[in-house]
Every structure is written in C-alpha cells, then in structure tokens.
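Proteins come first, then strands; the chains are lettered A, B, ... in the order of their sequence lines, and each starts at number 1. In this text the structure is predicted, and so the values were computed from the model without any measurement.
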Number of protein chains: 2
Amino acid sequence: MPTIIEVAALAGVSTATVSRVLSRPEQVSEDTRLRVLAVVRESGYVPNVAARSLRTLRAAKILLTVPDISNAFFASVIRGAEEAARDAGYSVVVGDTRHDPYVEDQYADMLSRREVDGLIFLGHRLPTSLAPLMARKGAAAPIVNGCEYSSDLGVPSVHIDNAAASADAIDHLVGLGHRRIGVVTGPEISPISRDRLAGAIDAATRANLRDGLHIRVGDYSAGSAIDHTRDLIAQDVTAIFCFSDEMAMGALSAIGDAGLSCPKDVSVIGFDDLPLARYFQPPLTTIAQPKAMIGRRTVELLVDILHGIDSPSRQVTLDHELIVRGSTAQPVSAR
Amino acid sequence: MPTIIEVAALAGVSTATVSRVLSRPEQVSEDTRLRVLAVVRESGYVPNVAARSLRTLRAAKILLTVPDISNAFFASVIRGAEEAARDAGYSVVVGDTRHDPYVEDQYADMLSRREVDGLIFLGHRLPTSLAPLMARKGAAAPIVNGCEYSSDLGVPSVHIDNAAASADAIDHLVGLGHRRIGVVTGPEISPISRDRLAGAIDAATRANLRDGLHIRVGDYSAGSAIDHTRDLIAQDVTAIFCFSDEMAMGALSAIGDAGLSCPKDVSVIGFDDLPLARYFQPPLTTIAQPKAMIGRRTVELLVDILHGIDSPSRQVTLDHELIVRGSTAQPVSAR
DNA sequence: GAAACGAATGTAAAGGATTACATCGGATAT
DNA sequence: ATATCCGATGTAATCCTTTACATTCGTTTC
C-alpha cells in the first residue's frame, strides 16, 4: 500500500497537490488532476485514515448506541441512520449496550477519545461520563437522543408524541366497546413509557373509564408480559395494551396458554409495528413509529451540530400511526 | 483535552515515560508511575487513538458485517463477538450490508484503509474487493466467516454441521409419523441452505421417503414462506420444515389463515431458535444454533490470525441442538 | 576499585496526511 | 512597460503517540 509521498513522486507533483486532487479537486488544473488520479488508480493508493484524522481532528464517524441490538425495533432505526449518515459523508458505528451503564460509558469514551465525531443514543440514559461534556458545551455538544428523551438534560432528540399515540390506542379499544383494559408498560424509569402511560390514563379518564384501566409494569421484553397477562386475564380485562410489540407477542402467547383466544376473548394492541407484527397470530394491531425516519432525523440533527449550524428544532416530533390488524375486536359483552 | 506532552511536563518526566506508564507499567518505577497516573487522572488525559494507530498500524477494531441487522439471529452472534473481542482488547464495529454487494464493498474498504484490523462477515459472500487481498495473503489475511462458509475461498469459518442438523429435523418429523413433508429452503446461492437441503434429502432418502419431500425455495424472510406454505398445504403435506425461524413464523401465519391449526393439522419446525421462538403460537420446535459461541469463536479465530498464530482449526464446527416445543406432533394419519 | 550490568529514564525519529503560507509565471490593467 | 493579480503548485510545519537507541547511575562481581 503506497503512501501519498510515493504517489506524489510517481505523478511528479508534491504531496500537497495529491492531497488537493483528492479533497479539493477544483483547485487543481485538469491536466494534473487526471495524471494524479491515474497514478492513484494504478497504485491502489488509499489515504490512511489514522493520519488524516490525526491531522484534521475529524473521524467522519458517528457512534450509534442501542440498548438492545436484538430488538428488531432498533434495526430499522439503525438503517435510517446509516442512510442519512452516508448522505452526509459519515459512517455509523453501532454499539450494543445491553442496558449496561458500564458498557454505555465505554462507548461514550469513544467520543471523549475523538474516535467518533458524535454520539446518538437510543434509550433514556445519557452515559454518565458525558454529563460534564454536556454541561460544558451545552447545545454544541455532539450528542443526540433518539426514540427516548431526557428533558432535563437538554439533549436534542427525535421521537413521536408518545402520549398521543397511547391515547389513540386506548381510544381505539374504547371505541370497540372495551371497558376493562390492561396496560403493560415499559420500565418506570423510561420517560416515554411514562408518557405513554399518562396518555393512556388521560384517554381513559376522558372516556370516564379511569377505573377500568389495570396497569402493570413490564420491561418491553416478551417474557415480562407473560405473567402480567395471566394476571390481567384473571382481572377479567377484555383488552391488553402493551407498550411494545414484543410484549404483545408474550401476551398472545399467554392468552393461548390460558385456553383463550385473541381477539375473541381478549384483544391485544402493541407498540412499534415490528416487521414481524403482521405475521403474529392474529396479525397485530399496533402503533407504528416512523423508525427509519427517527434514525434519519437524529443523524441530521447531529450533523447540523457538527457543522455548527444552529438547528431551530432541537426536539423533533414525528408522526405515529395506529395500524389496525386482527388482534383487536369488539369484546363479547358488546356484541 | 491535554496531550501526552503536557502530561509529561506536569509530571516532570518525558513523554516516553508517560507512554510507558500507560502501556507497559512494569517498566516504570512505582514512584514515577504513581506520579504520572495522578497527573493523568487529574488532567483527564486520554490518548489520541488516531495518533496511536498511525504509529502502531493497529486500530484495535474488528469489523463485523451482517447481511441483515433486523434479523434477531445475528444479534446474538454480535453479542458473542463483542464479548470475545473485549476479552482480546479489541472493539467491534458492526456493519449492516442489507445483502447489498455495494455496501459490502464499502465496508470491506475499511479493512483496506486499515480502519479496522480484521473483518468478520456473516453471510456467504466474500466482498469482491477483498478477493485480491485474500489471494495475496492467503491464510494470513485477517478475514473470517461466520455461520456460512465459502469453501472455495479458503476463508476460515465457524458454523454448525448444517446437513446433520437438518437431518435431525427430518428424523424428528419422520419419527412422529410424517410422510409428506414440505421444506422451505434459503436462497439457492447460500451454501448452508444447500447443506441443509442435502441433509434433509439424505435423511428422507434413508427413511425411504425421498418422494415425500416437497421442496420450495425461500429467502429466510417470513414473507417468503407465506405463499410456499399455502402451496404446500395444497399438496397435503402434514409438516413443514423451514430453514429459519422467521420463515416458520410466516408458515404459522399462513396455516392459520388457511383455517388450519398447528400442530394438529400441520407441524412446523424452524431453524435458529430465536429468542422469540418460544413465544410463537404454538411455541416453535426448532434447531438451536450456538449463536453467541459462533460469534465468540469467529473473533478468536481472527485474533489468532492477527497475532500470527497459526490456528490448527480453520474450519470450526459447533454443536447444534433440536429443541422440541409445541409446533410438532403426530400427523392425524398416525394417530 | 574497576568492570560489567541492569533498571529507569530521556532523546528524537517516524508514522502519513493536511494546509497555511510562499512562490512562480502568465494574464490583465493602467 | 510596469504594477497587480490570480491560478497552480510547492515547502514545510503540524497533528500526537510510540519506541529504538542512548544515557545515567547505582549495584554487583571479581
């Protein structure tokens, strides 16, 4: 692998010219440019990124951490982010934190070490090691949050209106005639889970059904919904609203195990619209989030910060959509 | 952010000593070491990775590309890889190629550019741009394949014995009394799909049921199994063996849509044992792959290559396991 | 007591690209 | 014809760390 010096020698120019041909071609005469490019091609020269980023203090990389890479929800977000990053001349490094604060900090260190230019984290927790940076640089800190948000920290973020989405789900169930509704939330610490819960309670209260809401705290995983579902069935709910499709899957499984059927005996509604949701049995009614767009907008927000552009909107709210499939129907009582 | 020079000045030593304190502490007297470490801590000094990797020609990073990051199967492999990498002092960069050869090449360029020390690819296609490298460096090329393999290329790889696993699945169905069995494979180009098919045919032939096997070509995605399942049901099969759990999910969905029930009317068996497989309706019988271990071993293989250790086993075969759950049962005819 | 040794530390080159500044030569303006 | 300007290119400093080699000094050995 040749260096820029050898390329320069072969082309009979200085290293500065070679560098310019590659990064600011308009500054070089066409003659020289073609000659240099020919040498580059023949020799297979590729600039050394370490040297470049040492000199420029830019890594051209964005770190995207997800709390759980096995969650298909994040996969779509990642794709949207990668696309937007490519458009902006960055590449994305994906990190799986497994909800582990220690791992989060490890990844965050990549930012401190300048291994990456910016950080996007999907989840509710700003890595603790970045708090000082955030405090020092404020709006100029190259940190963006996706899906979740942490209002107190002032980190820009991209998400849907979770309360409204949740209200839509409850309205849908109430509209079908359900009066006793189970809700399986995310972990209490998650702000969006709290928003969703608030939205659900609001909607129920508006419908005069506050007491019909039976709330259980889950953790977004299928397993966590199993016990709650059994329990809610025992409470005679006719519908269950899960704050994730994975939990909805667990709920469906538990309903089947209880010898009941969805949607005949119990309706189920999920959240996220995973690619597989349409293949659930029955196909899942759920709230769709614009996953790829969330990824895309987080990157755009971050790139604006990196380029020193003062973005007008540091909190971006995208549209959600209620997707009605086969897992919700009128309760027996309303038929 | 201070540099090593400032740290050295503050501690009253040379930069060489600071560097040694950080990378070869045993070469430095305890006195000096403690003094330097104190300064490092107070100043918040973090070595600049670009400078380090420029000097050492090491990036301490491994690139792991997956053909489809939304496939939960790969998530577990990634986790295993990250753990093993951390143990060996490397970090993992995950790339999602979306089955796109162009994107594969883009990621492969990171290796050419020395942005990463090695490449692990999960999938059957060695990025074309790496063929020259592979040819030139042979066994010393820092490239490892996981899950799949490409025998012709001489790339070391880690996988299960797919033919044997597939035979186990067929044996299981035959043992239950099934005589007409549908098989939904992966894409024809995938070597492991071909292995699995060969194993299935072998097993069927041994049981004198070669003609009872009805083969359809899928692409591992749930959607691709839907039409095939409808078709196979029309062929009166009593069981369907899908080469991925996602396709099994599609099959279950199609079976339900056809007004039939699993396992009463049609048994279904999958492949991979995704975390969610146990929550399918009914819980899915499937072949478990040691996903995390595949990830771990690919990294270990790669690290051996990077350290110049001639690994004795360039093709690692791990154990699979048939997990029997509720989606397989005796066919009506055998009851 | 001189020689040899070894532990601890320092000096300085090297790694490869970018870019501010300098230079050169030809075109344009006066 | 001279002054000015501008486009194209070159020179060389700079980014920060690692490490081969050199140096220093106290200790051991004969």
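For A/T56, no side-chain nitrogen or oxygen approaches OP1 or OP2 of C/dA17 to under 4.0 Å. Phosphate proximity of C/dT9 to B/S14: absent, as no side-chain N or O sits under 4.0 Å from OP1 or OP2. Proximity of B/S19 to the phosphate of D/dT17: no side-chain N or O atom is located under 4.0 Å from OP1 or OP2.
Between the side chain of A/R20 and the base of D/dG10, at least one donor-acceptor pair of N or O atoms lies under 3.5 Å. The base of D/dT14 sits within donor-acceptor range of the side chain of A/R55, with an N or O pair under 3.5 Å.
Side chain to side chain, B/S190 and B/E148 meet the donor-acceptor criterion of an N or O pair below 3.5 Å. Looking only at atom types and distance, the side chain of A/T32 has a donor-acceptor partner in the side chain of A/S29 under 3.5 Å away.
Remark: C1' of D/dG7 and CD of A/E30 are 15 Å apart, rounded to the nearest angstrom. A straight line from CG of A/N48 to C1' of C/dA14 spans 13 Å, rounded to a whole angstrom. Put simply, CD1 on A/I4 is 17 Å from P on D/dA12, counting in whole angstrom units. Rounded to whole Å, atom C1' of C/dA8 lies 11 Å from atom CG of B/D31. Following rounding to the nearest Å, A/L57 (CG) and C/dT19 (P) show an atom-to-atom distance of 10 Å. Distance CZ (B/R24) to C1' (D/dA20): 11 Å, rounded to an integer number of Å. When rounded to the nearest whole Å, the span between CD of B/Q27 and P of D/dT18 equals 13 Å. Look at CD on B/E26: it is 15 Å from C1' on C/dT9, rounded to the nearest Å.
Under 4.0 Å is where a charged nitrogen must lie from a carboxylate oxygen, and between A/E115 and A/K61 no such pair does. Classification of A/D96 and B/R79 as a salt-bridged pair holds, one side-chain N sitting under 4.0 Å from a carboxylate O. Salt-bridge annotation for B/E30 and B/R33: absent, with no side-chain N of the basic residue lying under 4.0 Å from a carboxylate O of the acidic one.
Set against C/dT9, D/dA12, C/dA17, the side chain of A/A51 has C/dA17 as its closest nucleotide. Among the nucleotides C/dA17, D/dA12, D/dA8, the one closest to the side chain of A/S29 is D/dA8. When each of C/dA12, C/dA8, C/dT19 is scored by its nearest atom to the side-chain atoms of B/T32, the top-ranked nucleotide is C/dA8. Considering only side-chain atoms of B/I5, the nucleotide from D/dA12, C/dT9, D/dT17 that sits closest is D/dT17.
In this structure, A/S53 reaches neither bases nor backbone, as no heavy-atom distance under 4.0 Å exists between it and the strands shown. A/V49 comes within 4.0 angstrom of nothing in the nucleic acid, heavy atoms only. Contact annotation for B/V18: no contact, since no heavy-atom pair falls under 4.0 Å across all strands.
Under a 3.5 Å cut-off, the side chain of B/T17 and the backbone N or O of B/V13 do not form any donor-acceptor pair.
Taken over five-pair windows at either terminus, the axes of the helix from C/dG1-D/dC30 to C/dT30-D/dA1 are inclined to one another by 40° (rounded to 10 degrees).
The number of heavy-atom neighbours closer than 6.0 Å to CD1 of A/I309, taken from other residues, nucleotides and ligands shown, is above 12. No more than 12 heavy atoms of other residues, nucleotides or ligands shown are found within 6.0 angstrom of CZ on B/R114.
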